[in-house]
Structure formats: C-alpha cells, structure tokens
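First up is the structure itself, then whatever we jot down about it.
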Amino acid sequence: MVSGIKVLLVDDQPLLRMGFRLILEGEEDFTVVGEASDGLEAVKQVEELEPDVVLMDVRMSAMDGIEATRRISASGSEARVIILTTFDLDEYAFSGLQAGASAFLLKDVAPAELVQAVRLVASGDAVVAPRVTQRLLETYVRGAHVPGHSPTAHRDPLLDDLTPRETEILTTIAEGLSNAEIAHKFFLSEATVKTHVRRILSKLQLRDRVQVVVYAYETGLVVPSNPDY
C-alpha cells in the first residue's frame, strides 16, 4: 500500500516528467504513482491510481489539461490538480482554475517551491502563491481574455446561507490570507477558522480555498482593484 502523498505527473515532455519525478521522489512523504502524456490518459489514470495531487500541463494533444481537469473535478475524484504553465499571466491557467484546479505553477519553479506547493495543495489548507494567483484572477476575471466569460457578476443565492462571520472569512480567503492570518485578524483560534472554512466550502459547494478565490471574483464579492495588473 502506497503511503504519503501520491502524485500523478501529466506532461507531453518526458524530460520534464523525469525532472519532477526526481525532485518529488527525493522527499520521504511523496510517491509518484504514475505518468501520463495527455489529458485522456490522465483522466483514466486518476480513476485507476487515485492520486492525491495531479501536476497537469495545459497544452497537450488528444485532450488538453483544462478539459482533463474539468473531467477529473466533475468525476468526484478527491485528486487536487496543479496546473503547469509557462507564463504567469496565462489565460489557460485561469481556465484551469475555473475548471477546478487548486493552483498553478510555472514550469521553471524551483524544486523547494514545487515540493511546498504539492504539500500545500494536498493539505487543502492554503492558496499556492496567493499574490501571483490574485494577479492572474484580477487580469482574467475582467472577461477580456476568457472566452465565454461575462464581466458582469451576479450575486449567488448560496451566499445568503452564510453567516456574517462566514462572509467576513470568505472575503479574507479571497484576499489570499492563510488560516493563521485570518485567526489573527479576527481574534479566533486556527481550529475555529478551519471550521468556518469547511462550512463555507460546504455551503458554497466548492472544493478548496482556490475555488473560493475564483468564486469570489466571479460573483463580484471581490472586485479587481489594480488596473496595472
């Protein structure tokens, strides 16, 4: 039986998969359970291997990483997807977050950052690179670069199910604050914050914290603030 964090590597470049494998398998708590060279193969292997985290390239033949991420999310799999991209302001990366990915990383990420990102995403307790993720969201949530995306936000009736405190915490999650930072801001224990976060995810039918960020921008709860992004 495989212990620790199980990772599936999905990229059409064998050398890149090899590099990521060497980095991750150098950690005692990681096991690379499989590799795939396109989205179709990735969806199949997620079902068969049940990884905890999938490192997913966006541009591949047969099926791209966005559609693969969408299918994995829709399947009810517990696997969390990290989108791999070449550019930090990449419309494909934003589409990946919309499709259900938990984070995105640049392909030239430093080994230590890769390891930390996989651990954070596996835990579900943190947003990877919140400043970069926020910049990506603020750029593409405007609607100019996302096909079919309307810049006009509509209030979701599900928000009415949140308590005032949960609404406050939802806003801070969308700003990229960690549980510890939220606890400090509202004079709460981290355990209490975690309870609030779980309830928010349940009530809004979201998978994790990054999906909360996407949701907050798309529903207009958080408005893009920096026109220079």
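This one's a predicted model, so the numbers in the text were calculated from it and none came from an experiment. Numbering of residues begins at 1 and proceeds along the displayed sequence. Any value given below was found using the heavy atoms of this structure, including those in side chains, with hydrogens, waters and symmetry copies removed.
- At a threshold of 4.5 Å between non-hydrogen side-chain atoms, the residues K185 and L177 count as touching.
- Shown here for V33 and P51, the closest heavy-atom pair between the two residues is CG2-CB, 4.2 Å.
- For the atom pair CD1 (I72) and CD (Q45), the distance works out to 10.5 Å, reported to the nearest 0.5 Å.
- Taking 4.0 Å as the cut-off between side-chain N and carboxylate O, R70 and E67 count as a salt-bridged pair.
- With respect to the salt-bridge test (charged N to carboxylate O, under 4.0 angstrom), the residues D29 and R119 qualify.
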**Prompt:** Checking side-chain contact (heavy atoms from CB on, under 4.5 Å) for the pair L84/V58: CA distance, chi angles, key distance, verdict?
**Reply:** CA-CA 6 Å; L84 297 171; V58 286; over 6 Å; no
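- In this structure, Y215 and D156 have side chains that are in contact, with non-hydrogen atoms separated by less than 4.5 Å.
- Going from atom CG of D12 over to atom CG of D64 covers 11.0 Å, rounded to the nearest 0.5 Å.
- With a 6.0 Å radius and a threshold of 12 heavy atoms from other residues, nucleotides or ligands, E47 has its CD atom at or below the threshold.
- Here the side chain of S77 pairs no donor or acceptor atom with the backbone of S73 at under 3.5 angstrom.
- Two residues are said to be in side-chain contact when any heavy atoms from C-beta on lie closer than 4.5 Å; I173 and V197 meet this criterion.
- For the residue pair A36 and A42, the shortest heavy atom distance occurs at CB-N, 3.7 Å.
- Rounding to the nearest 0.5 angstrom, the gap separating the OG1 atom in T172 from the NE2 atom in H196 is 10.5 Å.
- Distance alone, capped at 3.5 Å, is enough to place a donor-acceptor pair between the T167 side chain and the T163 backbone.
- Contact check for I169 versus I200: side-chain heavy atoms found under the 4.5 Å cut-off.
- Here the side chains of F30 and E25 are not in contact, with every heavy-atom distance at 4.5 Å or above.
- Summarising the local packing, CD of E78 is surrounded by 12 or fewer heavy atoms from other residues, nucleotides or ligands at distances under 6.0 Å.
- Residues satisfying the side-chain contact (heavy atoms from CB on, under 4.5 Å) test with S37, not counting sequence neighbours, are R17, E41.
- Hydrophobic clustering (side-chain heavy atoms under 4.5 Å, transitive across Ile, Leu, Val, Met, Phe, Trp, Tyr) keeps I5 apart from L22.
- Annotation for A101 and T69: closest pair N-CG2, 3.6 Å, computed over non-hydrogen atoms.
- Between the side chain of N179 and the main chain of K194, no donor-acceptor pair closer than 3.5 Å is present.
- For the pairing with L24, the side chain to side chain contact (heavy atoms under 4.5 Å, CB included) check across T31, V53, V7 returns one residue only, V7.
- For the pair E48 (side chain) and V43 (backbone), a donor-acceptor distance under 3.5 Å is absent.
- Without hydrogens or angle criteria, E35 side chain to V10 main chain gives no donor-acceptor distance under 3.5 Å.
- When side chains are defined from C-beta on, L8 counts as touching V46, because their heavy atoms get closer than 4.5 Å.
- The hydrophobic cluster containing V115 does not contain M18, counting ILVMFWY residues as joined when their side-chain heavy atoms lie under 4.5 angstrom apart, directly or transitively.
- We find the CE-CG distance between M56 and L105 to be 13.5 Å, quoted to the nearest 0.5 Å.
- Looking at D57 and K107, their side chains come closer than 4.5 Å, going by heavy atoms from C-beta outward.
- Ion pair R80/D208 flagged as a salt bridge, since at least one NZ, NE, NH1 or NH2 atom sits closer than 4.0 Å to an Asp/Glu carboxylate oxygen.
- Between atom CG of residue L9 and atom CG of residue L16 there is a gap of 8.5 Å, rounded to the nearest 0.5 Å.
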**Request:** I would like to know whether L55 and D11 meet side-chain contact (heavy atoms from CB on, under 4.5 Å); could you show each step before the answer?
**Result:** CA-CA 8 Å; L55 287 176; D11 197 288; over 6 Å; no
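- At a threshold of 4.5 Å between non-hydrogen side-chain atoms, the residues F186 and V193 do not count as touching.
- Within the structure, the side-chain hydrogen bond (donor to acceptor under 3.5 Å, both in side chains) test picks out the following pairs touching residues 197-207 (sequence neighbours left out): E166-K203, T195-R198.
- The CD1 atom of I66 sits 8.5 Å away from atom CE of M60, with the distance rounded to the nearest 0.5 Å.
- Without hydrogens or angle criteria, K6 side chain to V32 main chain gives no donor-acceptor distance under 3.5 Å.
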